[in-house]
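None of these values were measured; they are calculated from a predicted model. In what follows, every heavy atom counts, from backbone to side chain, and hydrogens, waters and symmetry copies are set aside. Counting starts at 1 for both ligands and their atoms, in listed order. Residue indices begin at 1 and follow the sequence shown.
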Amino acid sequence: MANQFDAVVIGGGPGGYNAAIRLGQLGLKAACIDARGTFGGTCLNVGCIPSKALLHASERFEEARKDFAKLGIKAEVSLDLPAMMAEKSKVVGELTKGVEFLLKKNKCEAIVGTGRIVSPGKVEVKARDGALRTLQTRNIVIATGSDVMPLAGAEVDEERIVSSTGALSLKQVPKRLIVVGGGYIGLELGSVWRRLGSEVTVVEFLDRIAPGLDGEIGKQFQRILARQGLAFRLSTKVVGVEKGSDALKVQIQPAQGGAAETLETDVLLVSIGRRPYTDGLGLEEVGVARDARGRIVTDGHFQTNVEGLWAIGDCREGPMLAHKAEDEAVACAENIAGRKGHVNYDAIPSVVYTAPEVASVGKTEEELKAAGIVYKTGKFPFTANARAKTIAATEGFAKVLADAKTDRVLGVHILGAEAGNLIQEAAFAIEMGASSEDIARTSHAHPTLTEAVRQAAMGVEGWTMQM
Ligand SMILES: Cc1cc2nc3c(=O)[nH]c(=O)nc-3n(C[C@H](O)[C@H](O)[C@H](O)COP(=O)(O)OP(=O)(O)OC[C@H]3O[C@@H](n4cnc5c(N)ncnc54)[C@H](O)[C@@H]3O)c2cc1C
């Protein structure tokens with residue numbers, strides 16, 4: 001009976017561990033397997049959490065150096081990088097332990113080892129010492145996540161040519177850092193090292209950074225990052241890297257071809273995206289369908305084409321975000337338990353944790369135009385928000401997009417301090433099918449940054465009051 005389960009979850013990231021917890025809550029006997037040795041997946045170990053810890057610490061460092069004097073605070077500031085890294089590791093350690101505690105609390109067995117699907121209903125786990133254990137189960141949830149997308153000609157050694165994982169643990173501040181890829185991971189980690197003293201250049205294939213953002217927000221975001229000191233080489237690709245004894249020589253070329261140029265750097269960060277990770281799982285043998293990008297194909301209930309096999313998180317389609325994996329985990333576990341779980345993909349927020357932050361939910365103006373949807377716009381700048389003034393964080397603006405006929409909120413985009421927290425009101429509005437008037441007539445505490453969202457919502461019907 002020890003090896004008999006209702007559900008075995010392969011992968012202990014935000015998808016896997018949340019699925020196991022919810023299965024346990026619903027009274028099912030679940031196991032959660034992870035090969036890493038600590039639970040929490042990419043997110044807790046080498047993703048969201050360590051990056052946010054370093055973003056926080058480096059932002060305070062820059063603030064102390066540049067802004068304290070204005071506030072009447074005198075301080076001698078210097079960097080202790082090993083201490084900053086130790087604090088980051090402490091946070092990661094506490095949170096990964098926390099996941100183990102939560103699994104135990106919900107009566108899920110946490111198993112360290114590599115899982116392989118032998119057949120529907122049978123998972124073989126190889127422990128770190130090579131010992132094999134076979135689990136019998138009615139359901140298998142694949143939550144194996146994603147891995148760094150490799151860049152041809154730039155093999156990652158995690159010292160001079162690094163992935164996001166290496167960039168979270170550099171032993172010293174590189175004098176020069178080239179970031180390949182202007183997505184949110186590259187921009188966040190580029191910001192960390194710029195604040196700590198590196199000269200950072202972002203090389204991006206497309207003609208703009210963070211391409212999923214609303215265009216207007218994206219343009220202003222890039223201007224702000226450039227003002228902070230990030231250099232951008234847009235519409236440019238990296239075609240090769242040569243490791244010299246004291247510098248890396250990085251060959252770049254216009255994205256559409258043309259004359260090559262060489263840039264020198266001390267560290268190169270490859271952050272051109274992530275790909276689904278399903279290596280060694282045995283998917284071919286059991287016949288699980290994948291799409292052209294290697295993502296596991298499921299129906300709307302997270303069932304694969306093989307009965308009893310389910311997939312959630314980064315290894316299937318959709319935005320590669322921890323909370324998307326968590327939402328799918330809850331819905332999938334509920335479906336396994338015979339309930340009716342579902343995920344509303346229109347209400348999943350996304351956040352870039354730079355300073356200022358960028359957050360959005362729902363449709364961008366470009367998406368609404370492409371879909372032929374007639375919409376109204378309300379905008380409000382943080383320069384006119386009282387709280388933003390008091391905390392000296394007046395960059396950016398909030399923008400609310402609502403259906404011109406029904407006033408239903410279709411998208412909200414915020415560039416500004418605390419945007420990642422502010423966006424939650426908008427996600428809730430979209431989830432509830434609220435109108436812009438609902439936001440505009442809801443009381444918002446004064447003085448808070450949330451008032452900027454309210455004023456932007458008022459702007460949809462043309463009655464912004466504080467501008
Ligand atoms: C630098 C960085 C910063 C990020 N910041 C954010 C952020 O701020 N907000 C956000 O929402 N998202 C962020 N992400 C993305 C987020 O980490 C992922 O979307 C999320 O972790 C996906 O969860 P998952 O459960 O699908 O997969 P993962 O977290 O990747 O977990 C999968 C786990 O499965 C294990 N595994 C794989 N195969 C096997 C096997 N055969 N047997 C046993 N175990 C296996 C792996 O070891 C891994 O631990 C960031 C990512 C990176 C790299």
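With a 6.0 Å cutoff to the six-membered ring centre and a 45° limit on the axis angle, K237 does not count as a cation-pi contact of F205.
In this structure, the protein non-hydrogen atom closest to atom 53 (C) of ligand 1 is R274 NH1, 3.5 Å. For atom 25 (O) of ligand 1, the nearest non-hydrogen atom of the protein is G15 N, 2.8 Å. Regarding atom 3 (C) of ligand 1, its nearest protein heavy-atom neighbour is G47 C, 3.4 Å. At the top of the distance list for atom 18 (C) of ligand 1, counting protein heavy atoms only, stands D314 OD2, 3.3 Å. Here the heavy atom of the protein found nearest to atom 30 (O) of ligand 1 is T42 OG1, 2.6 Å. With respect to atom 11 (O) of ligand 1, the closest heavy atom belonging to the protein is A322 N, 2.8 Å. Nearest non-hydrogen protein atom to atom 44 (N) of ligand 1 is A35 N, 3.1 Å. The nearest heavy-atom contact from the protein to atom 14 (N) of ligand 1 is Y184 OH, 3.1 Å.
At a 3.5 angstrom cut-off on N or O pairs, R36 counts as close to ligand 1.
Atom CD of Q172 sits in a sparse spot, with 12 or fewer heavy atoms from other residues, nucleotides or ligands closer than 6.0 Å. Within a 6.0 Å sphere centred on NZ of K126, other residues, nucleotides and ligands contribute 12 heavy atoms or fewer. More than 12 heavy atoms of other residues, nucleotides or ligands lie within 6.0 Å of NE2 in H444, so this atom counts as buried by the packing criterion. Within a 6.0 Å sphere centred on CD of E307, other residues, nucleotides and ligands contribute 12 heavy atoms or fewer. Annotation for K243: atom NZ counts as buried by contact number, over 12 foreign heavy atoms lying within 6.0 Å.
If you number the atoms of ligand 1 from 1 as listed, the ones under 4.0 Å from a heavy atom of A143 come out as 32 (C), 34 (O). When each atom of ligand 1 is checked for a heavy atom of Y353 under 4.0 Å away, the hits are 8 (O). Of all atoms in ligand 1, numbered sequentially from 1 with element shown, those under 4.0 Å from a heavy atom of V46 are 1 (C), 53 (C). Ligand 1 places these atoms under 4.0 Å from at least one heavy atom of A325: 23 (O), 26 (O). Less than 4.0 angstrom separates some heavy atom of S164 from each of these atoms of ligand 1: 1 (C), 53 (C). Within ligand 1, counting atoms from 1 as listed, the ones closer than 4.0 Å to a heavy atom of G313 are 26 (O). Below 4.0 Å from some heavy atom of L321 lie the following atoms of ligand 1, by number and element: 10 (C), 11 (O), 12 (N), 19 (O). Listed by number with element, the atoms of ligand 1 under 4.0 Å from a non-hydrogen atom of C43 are 17 (O), 21 (O), 29 (O).
Judged by the shortest distance from any of its heavy atoms, G280 lies outside the 4.0 Å radius around the atoms of ligand 1. Remark: distances from the non-hydrogen atoms of G113 to ligand 1 include one below 4.0 Å.
Of the listed options G115, G186, P349, G115 places a heavy atom closest to atom 42 (N) of ligand 1. When the heavy atoms of T144, T278, L281, T38 are ranked by distance to atom 38 (N) of ligand 1, first place goes to T144. Atom 5 (N) of ligand 1 has its nearest heavy-atom neighbour, among K52, E188, R316, in K52. For atom 51 (C) of ligand 1, the nearest non-hydrogen atom from the set L168, I33, N18, I185 comes from I185.
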- Message: Under the criterion side chain to side chain donor-acceptor pair (under 3.5 Å), I'd like the reasoning laid out for D314 against S146: C-alpha separation, chi angles, the key distance, then a yes or no.
- Response: CA-CA 6 Å; D314 279 11; S146 61; 2.7 Å; yes

- Task: Show the numbers, then the answer: is there a salt bridge (charged side-chain N to carboxylate O under 4.0 Å, His left out) between K175 and E199?
- Result: CA-CA 6 Å; K175 188 170 167 319; E199 289 163 23; 3.4 Å; yes

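Ion pairing of R316 with E328 is present here, as a side-chain N (NZ or NE/NH1/NH2) and a carboxylate O approach within less than 4.0 Å. The pair K324-E317 fails the salt-bridge criterion, with no side-chain N (NZ, NE, NH1 or NH2) lying under 4.0 Å from an Asp/Glu carboxylate O. The pair R290-E284 counts as a salt bridge, with a side-chain nitrogen and a carboxylate oxygen less than 4.0 angstrom apart.
When each of E188, E59, E87, K88 is checked for a side-chain contact (heavy atoms from CB on, under 4.5 Å) with L54, only K88 meets the rule. Results of the side-chain contact (heavy atoms from CB on, under 4.5 Å) test with L248 over D266, I161, L263 single out I161 as the only residue that passes.
Counting heavy atoms under 4.0 Å from ligand 1, residue S146 touches it through the backbone alone.
In terms of modelled atom types and a separation under 3.5 Å, the side chain of N305 and the main chain of G287 share a donor-acceptor contact.
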